[in-house]
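Report on the structure given below.
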Amino acid sequence: MQTRSLPTSSPTILCLGAHSDDIEIGCGGTLLSLLGQMPEAKVHWVVFSAEGPRADEARHGAELFAGSHETAVELHTFRDGFFPDAFGAIKEEFRALQQRVDPDLVFTTWRRDLHQDHRLISELTSQAFRNHLILEYEIAKYDGDLGSPNVYVRLGAEEADKKVENLASAFGTQQEKYWFTAETFKALMRVRGVECRSSSGYAEAFYGHKLVFGASSAP
């Protein structure tokens with residue numbers, strides 16, 4: 001495995017989501033924080049199930065969270081809930097993406113997420129970008145599959161508020177779902193903030209399965 005460090009000036013950040021709101025829910029606050037500190041960062045945003053109104057929402061979400069940063073948005077139309085049936089086609093999309101983008105940081109879904117679409121995207125991420133820094137984000141839902149993450153990003157209260165505001169603004173089709181509420185999103189950020197002793201009380205958490213730490217430049 002190669003060792004990669006995140007550049008302080010102009011990193012390329014690859015954001016992968018199975019569905020239109022996955023990225024924003026899973027790592028929206030972290031993106032606001034990172035991009036606020038890295039004005040030259042480039043963002044590559046890929047959603048694998050987005051069509052009709054959901055495609056418009058995906059574009060709007062990328063716009064709100066990436067802001068003025070140079071952003072490439074790719075949307076696919078694989079059938080929601082049936083990703084395993086399209087394994088070969090989705091893997092080909094990953095192979096093509098691998099040839100176009102060499103990211104410094106990858107955000108993707110968690111490999112143990114109980115939603116089959118999320119698991120498949122995570123699996124293919126680790127196959128296609130095996131020499132890259134990958135952080136797997138979490139999404140609270142009915143399945144009750146939250147785990148014990150090992151990477152935390154502390155957020156300011158304004159970033160937590162902005163994440164919730166952006167979610168409400170971008171995803172009108174989800175507003176009637178019982179779980180799509182400001183309370184849900186803030187509750188998880190609050191719990192993760194407690195776990196990492198965030199001064200604001202808020203954080204997002206991730207799973208990092210291969211992180212290399214070193215004080216020298218030795219391979």
Original post:
How many angstroms lie between atom CD of E24 and atom CD1 of I139, to the nearest 0.5 angstrom?
Top reply: 9.5 Å
Original post:
To the nearest 0.5 Å, what is the distance between OG (S20) and CD (Q174)?
Top reply: 8.0 Å
**OP:** Mind checking the NE2-OG spacing from H115 to S122? Nearest 0.5 Å is all I need.
**Re:** 14.0 Å
Subject >> Side chain R154, main chain C196, donor-acceptor under 3.5 Å >> reply: yes
Subject >> I134 and T108, any side-chain heavy atoms less than 4.5 Å apart >> reply: yes
Original post:
Are side-chain heavy atoms of P149 and F206 found at a separation under 4.5 Å?
Top reply: no
Subject >> Residue pair A41 / H69: nearest heavy atoms and the distance that separates them >> reply: O-CD2, 3.2 Å
Original post:
Does the side chain of L135 reach to within under 4.5 Å of the side chain of Y207, using non-hydrogen atoms?
Top reply: no
Subject >> Expected output: side-chain D104 to main-chain T12 donor-acceptor under 3.5 Å >> reply: yes
**OP:** Please check if atom CZ in R197 has more than 12 non-hydrogen atoms from other residues, nucleotides or ligands closer than 6.0 Å.
**Re:** no
Subject >> D102 vs F129 side-chain heavy atoms within contact, under 4.5 Å >> reply: no
Original post:
Do you reckon L14 sits in the same ILVMFWY cluster as I25, going by side-chain contacts under 4.5 Å, direct or chained?
Top reply: no
Original post:
Taking the side chain as C-beta and beyond, is there a heavy-atom pair between F180 and L167 under 4.5 Å?
Top reply: yes
Original post:
Any idea which heavy atoms bring V151 and G208 closest together, and the distance?
Top reply: CG2-N, 3.9 Å
Original post:
Charged N to carboxylate O below 4.0 Å: is that the case for K162 and E159?
Top reply: no
Original post:
Would L105 and Y137 show up in the same hydrophobic cluster when neighbours are defined by side-chain heavy atoms closer than 4.5 Å?
Top reply: yes
Subject >> Spacing of H209 atom NE2 and N150 atom CG [to the nearest 0.5 Å] >> reply: 7.0 Å
Original post:
Is it the case that more than 12 heavy atoms not belonging to K186 sit under 6.0 Å from its NZ atom?
Top reply: yes
Subject >> Crowding at OH, Y178 (>12 non-hydrogen neighbours, <6.0 Å) >> reply: yes
**OP:** Using the rule that two of Ile, Leu, Val, Met, Phe, Trp, Tyr join whenever any of their side-chain heavy atoms come within less than 4.5 Å, decide whether V73 and L97 are in one cluster.
**Re:** no
Subject >> Considering all heavy atoms, the nearest K163-F65 contact >> reply: O-CZ, 3.8 Å
Original post:
side-chain contact (heavy atoms from CB on, under 4.5 Å) between C27 and E204: does it pass, once the steps are laid out?
Top reply: CA-CA 7 Å; C27 60; E204 286 180 338; 4.2 Å; yes
**OP:** Report the C-alpha separation of L146 and L188 in whole Å, then their side-chain angles, then the decisive distance to 0.1 Å, and conclude whether the side-chain contact (heavy atoms from CB on, under 4.5 Å) test is met.
**Re:** CA-CA 10 Å; L146 293 176; L188 184 54; 4.0 Å; yes
**OP:** Assess whether side-chain contact (heavy atoms from CB on, under 4.5 Å) is satisfied between I13 and V106, documenting all intermediate values.
**Re:** CA-CA 6 Å; I13 300 175; V106 182; over 6 Å; no
**OP:** Check whether any side-chain heavy atom of W110 sits under 4.5 Å from a side-chain heavy atom of H118, and report yes or no.
**Re:** no
**OP:** Please step through side-chain hydrogen bond (donor to acceptor under 3.5 Å, both in side chains) for the pair S33 and Q37, ending with a clear verdict.
**Re:** CA-CA 7 Å; S33 178; Q37 299 173 58; 3.3 Å; yes
**OP:** Determine, using the 4.5 Å side-chain heavy-atom cutoff (strictly less than), whether Y152 and M189 are members of one ILVMFWY cluster.
**Re:** no
Original post:
Yes or no on side-chain hydrogen bond (donor to acceptor under 3.5 Å, both in side chains) for T181 and T184, after CA distance, side-chain angles and deciding distance?
Top reply: CA-CA 5 Å; T181 67; T184 299; 2.9 Å; yes
**OP:** Start with the C-alpha distance between S49 and T77, add both sets of side-chain angles, then the distance that settles side-chain contact (heavy atoms from CB on, under 4.5 Å), and finish with yes or no.
**Re:** CA-CA 5 Å; S49 180; T77 58; over 6 Å; no
**OP:** List the atom of D117, the atom of G81, and the distance in Å for their closest heavy-atom pair.
**Re:** OD2-N, 2.6 Å
**OP:** Quick one: pull up OG in S10 and NZ in K42 and give me the separation to the nearest 0.5 Å.
**Re:** 7.0 Å
**OP:** Mind checking the CZ-CH2 spacing from R59 to W45? Nearest 0.5 Å is all I need.
**Re:** 13.5 Å
Subject >> 4.5 Å side-chain heavy-atom contact, F78 and E93 >> reply: yes
Original post:
Can a donor-acceptor pair be found between the side chains of E74 and H44 at a distance below 3.5 Å?
Top reply: yes
Original post:
Side chains of L124 and F87: does their closest heavy-atom pair fall under 4.5 Å?
Top reply: yes
Original post:
Do any N or O atoms from the side chain of D143 and from the backbone of D145 form a donor-acceptor pair under 3.5 angstrom?
Top reply: no
**OP:** Kindly give the heavy-atom pair with the smallest separation between V43 and C15, and that separation in Å.
**Re:** CG1-SG, 4.2 Å
Original post:
Between E136 and R111, is there a salt bridge with N-O shorter than 4.0 Å?
Top reply: yes
Original post:
So, does S200 use its side chain to make a donor-acceptor pair with the main chain of L155 at under 3.5 Å?
Top reply: yes
Subject >> Side-chain donor/acceptor of R119 to backbone N/O of L114, under 3.5 Å >> reply: yes
Subject >> Ion pair D85/R79, N-O distance below 4.0 Å >> reply: no
Original post:
Closest heavy-atom contact between R54 and F171?
Top reply: NH1-CD2, 3.7 Å
Subject >> Common cluster, F107/V46, ILVMFWY with side-chain heavy-atom separation under 4.5 Å >> reply: no
Original post:
Do Y202 and F185 have ring centroids that are under 6.0 Å from one another?
Top reply: no
Original post:
More than 12 heavy atoms of other residues, nucleotides or ligands under 6.0 Å from CD of Q127: is that the case?
Top reply: yes
Original post:
Would the number of heavy atoms belonging to other residues, nucleotides or ligands and lying under 6.0 Å from CD of Q175 be above 12?
Top reply: yes
Original post:
Is a donor on one side and an acceptor on the other found under 3.5 Å between the side chain of D22 and the backbone of H19?
Top reply: yes
